[in-house]
Number of protein chains: 2
Amino acid sequence: MSGMTMATEARPFSEPLDRLKRAGLRPTRQRLALARLLFSRGDRHVSAEQLHAEAKTARVVVSLATVYNTLNQFTRAGLLREVVVKAGRSYFDTNTSDHHHVLAVATGDLMDIPAGTLAVSGLPEVPDGLEVERVDVVVRLRPRA
Amino acid sequence: MSGMTMATEARPFSEPLDRLKRAGLRPTRQRLALARLLFSRGDRHVSAEQLHAEAKTARVVVSLATVYNTLNQFTRAGLLREVVVKAGRSYFDTNTSDHHHVLAVATGDLMDIPAGTLAVSGLPEVPDGLEVERVDVVVRLRPRA
DNA sequence: AGATAGATTAGATCCATTCTAAACTGTTGA
DNA sequence: TCAACAGTTTAGAATGGATCTAATCTATCT
Ligand SMILES: [Mn+2]
Ligand SMILES: [Mn+2]
Ligand SMILES: [Zn+2]
Ligand SMILES: [Zn+2]
């Protein structure tokens, strides 16, 4: 196994480790386990409580405080993006590329809109000393009347 | 004064009353006072705590619970719009027309972008049984690097 | 292995918001 | 005009997500 060149999907255990090292974060047992839960299932939008529950189900011993610490550290390191669409709850998005969201308000479901498909034009000019960090578009859907 | 036809600006005390009646809300002392604070100063984005503090300054006796109740009732009645751009705090927008926002993340300042100046194209198709409630665009500005 | 900076944790604390249930008030119609 | 009632207000308690504290643990370096 040692000298082989393999696709990322075939190295599910070393990939999270590389990810943490690249971000300058110590690869602790907790961070590795959470990275695996977060990044091995495609793009996701998870809350801290959700991730904590998933960890418990996966027999990963980790406190809720560490889940919060980790999500915030991952976000600062650019591994996650925080999404605020609902009062009183933060979602963490494993898709850090430029993209937008569709929110089904009735269910709370959040889906991605790839950046390529959607365009925003006519942005106002940016005041001196400031720059655009990002432009968030949220399409809110409700049950048809 | 009785038979005169005047512009809205010249009838600052009857306008909030009409607004409540049209919305089917009893014109109580508290709701009238809050409506006056909210709607007599042009477009605003206020939090419940802010409005409660303003009421106190204006010698209006009203509990924080009533401020929350009133903001939620006004929102349900279409007199206000709830804006969520920051985790853990709701803003209420007196501008209920179709428009978007610019947020200066460093200061928390929230400004309007009139609907006419900005366009979103390439929206994804809406799943069966759902309809677009609205499309929110938030331009996040940060201090230039 | 020992030293140390960094990480984890239980539990406390914070804070915006909602809830409870008792007192109060705007409205209706007798 | 005024009692009756539904709707409203309120203090204070409760809730729930998120953060903080400070004691314990561990990854890393020599
Ligand atoms: Mn945060
Ligand atoms: Mn609300
Ligand atoms: Zn996303
Ligand atoms: Zn606005």
Side-chain angles (χ1 to χ4, degrees), chain A residues 14 16-37 45-56 58-77 79-80 82-92 108 110, chain B residues 14 16-37 45-56 58-77 79-80 82-92 108 110:
Chain A
S14 57
L17 189 99
D18 293 347
R19 205 186 276 262
L20 292 179
K21 282 184 175 169
R22 260 177 275 128
L25 294 168
R26 280 194 192 176
T28 63
R29 174 167 40 265
Q30 291 86 344
R31 294 211 270 230
L32 280 167
L34 293 175
R36 216 167 284 138
L37 288 172
H45 306 98
V46 288
S47 70
E49 298 274 1
Q50 272 167 35
L51 183 59
H52 188 234
E54 271 183 42
K56 183 169 286 179
R59 302 283 190 291
V60 171
V61 176
V62 58
S63 71
L64 184 57
T66 295
V67 171
Y68 274 105
N69 289 342
T70 301
L71 288 172
N72 285 325
Q73 288 152 352
F74 282 13
T75 301
R76 257 178 269 123
L79 269 41
L80 291 174
E82 196 171 354
V83 181
V84 179
V85 286
K86 215 180 139 183
R89 193 174 222 100
S90 278
Y91 289 92
F92 293 87
L110 197 57
Chain B
S14 58
L17 189 98
D18 293 347
R19 206 185 275 264
L20 292 179
K21 281 184 176 170
R22 260 178 274 126
L25 294 168
R26 282 194 191 175
T28 64
R29 176 167 37 267
Q30 292 85 346
R31 295 209 272 230
L32 279 167
L34 294 175
R36 219 167 282 138
L37 289 171
H45 306 97
V46 288
S47 71
E49 298 273 3
Q50 272 168 35
L51 182 59
H52 188 234
E54 271 183 41
K56 184 169 284 177
R59 303 282 191 291
V60 171
V61 176
V62 58
S63 71
L64 183 57
T66 295
V67 171
Y68 274 104
N69 289 342
T70 301
L71 288 171
N72 286 326
Q73 287 153 353
F74 282 14
T75 301
R76 257 179 267 123
L79 270 41
L80 291 173
E82 195 172 357
V83 181
V84 179
V85 285
K86 216 181 136 183
R89 192 172 222 99
S90 277
Y91 289 92
F92 293 87
L110 196 58

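Convention: sequence-line order gives letters A, B, ...; per-chain numbering from 1.
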Item to check | Residue whose closest nucleotide on DNA chain C lies nearer the 5' end, A:Leu64 versus B:Gly88 | outcome: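 Comparing both residues, the 5'-ward one is A:Leu64.
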Next on the checklist: Between B:Arg26 and A:Arg26, which residue's closest nucleotide on DNA chain D lies nearer the 5′ terminus?
Outcome noted: B:Arg26
Atom-pair distance ([atom1] on [X]; [atom2] on [N]), nearest Å:
X       : N      : atom1 : atom2 : result
A:Phe92 : D:dG17 : CZ    : P     : 13 Å
A:Leu20 : C:dT8  : CG    : C1'   : 15 Å
B:Arg89 : D:dA18 : CZ    : P     : 15 Å
B:His52 : C:dT17 : NE2   : P     : 13 Å
B:Lys86 : C:dC15 : NZ    : P     : 13 Å
B:Arg76 : D:dT8  : CZ    : P     : 10 Å
A:Gln73 : C:dG6  : CD    : C1'   : 10 Å
B:Gln50 : C:dA16 : CD    : P     : 11 Å

Under 4.0 angstrom between [X] side-chain N/O and [N] OP1 or OP2:
X       : N      : value
B:Gln30 : D:dT10 : yes
A:Arg29 : D:dT26 : yes
A:Asn69 : D:dC20 : no

Which nucleotide in the list [options] gets nearest to the side chain of [X]?
X       : options                : value
B:Ser63 : D:dT10, D:dT28, C:dT17 : D:dT10
B:Val61 : C:dT17, D:dT10, C:dT8  : D:dT10
A:Thr66 : C:dT17, C:dG26, C:dT8  : C:dT8
B:Glu49 : C:dT9, D:dT10, C:dA16  : C:dA16
A:Tyr68 : D:dA11, D:dC20, D:dT19 : D:dT19
B:Thr28 : D:dT8, C:dT9, D:dA27   : D:dT8

Next on the checklist: Between A:Glu82 and A:Phe92, is there a side-chain heavy-atom distance shorter than 4.5 Å?
Outcome noted: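 In short, these two side chains touch, coming nearer than 4.5 Å.
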Item to check | Any A:Gln30 side-chain heavy atom under 4.5 Å of A:Thr70 side chain | outcome: no
Next on the checklist: If you apply the rule side-chain contact (heavy atoms from CB on, under 4.5 Å), what do you find for A:Glu49 with A:Leu64, and how did you get there?
Outcome noted: CA-CA 8 Å; A:Glu49 298 274 1; A:Leu64 184 57; 4.0 Å; yes
Next on the checklist: Out of the candidates A:Leu51, A:Val62, A:Leu32, only one should pair with A:Leu37 under the side chain to side chain contact (heavy atoms under 4.5 Å, CB included) rule; please name it.
Outcome noted: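 Only one of A:Leu51, A:Val62, A:Leu32 forms a side chain to side chain contact (heavy atoms under 4.5 Å, CB included) with A:Leu37, namely A:Leu51.
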Checklist entry - Can you name the ring pair (Phe, Tyr, Trp, His ring centres under 6.0 Å) partners of A:His45, sequence neighbours left out? => result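 A:His45 satisfies ring pair (Phe, Tyr, Trp, His ring centres under 6.0 Å) with A:His101 only.
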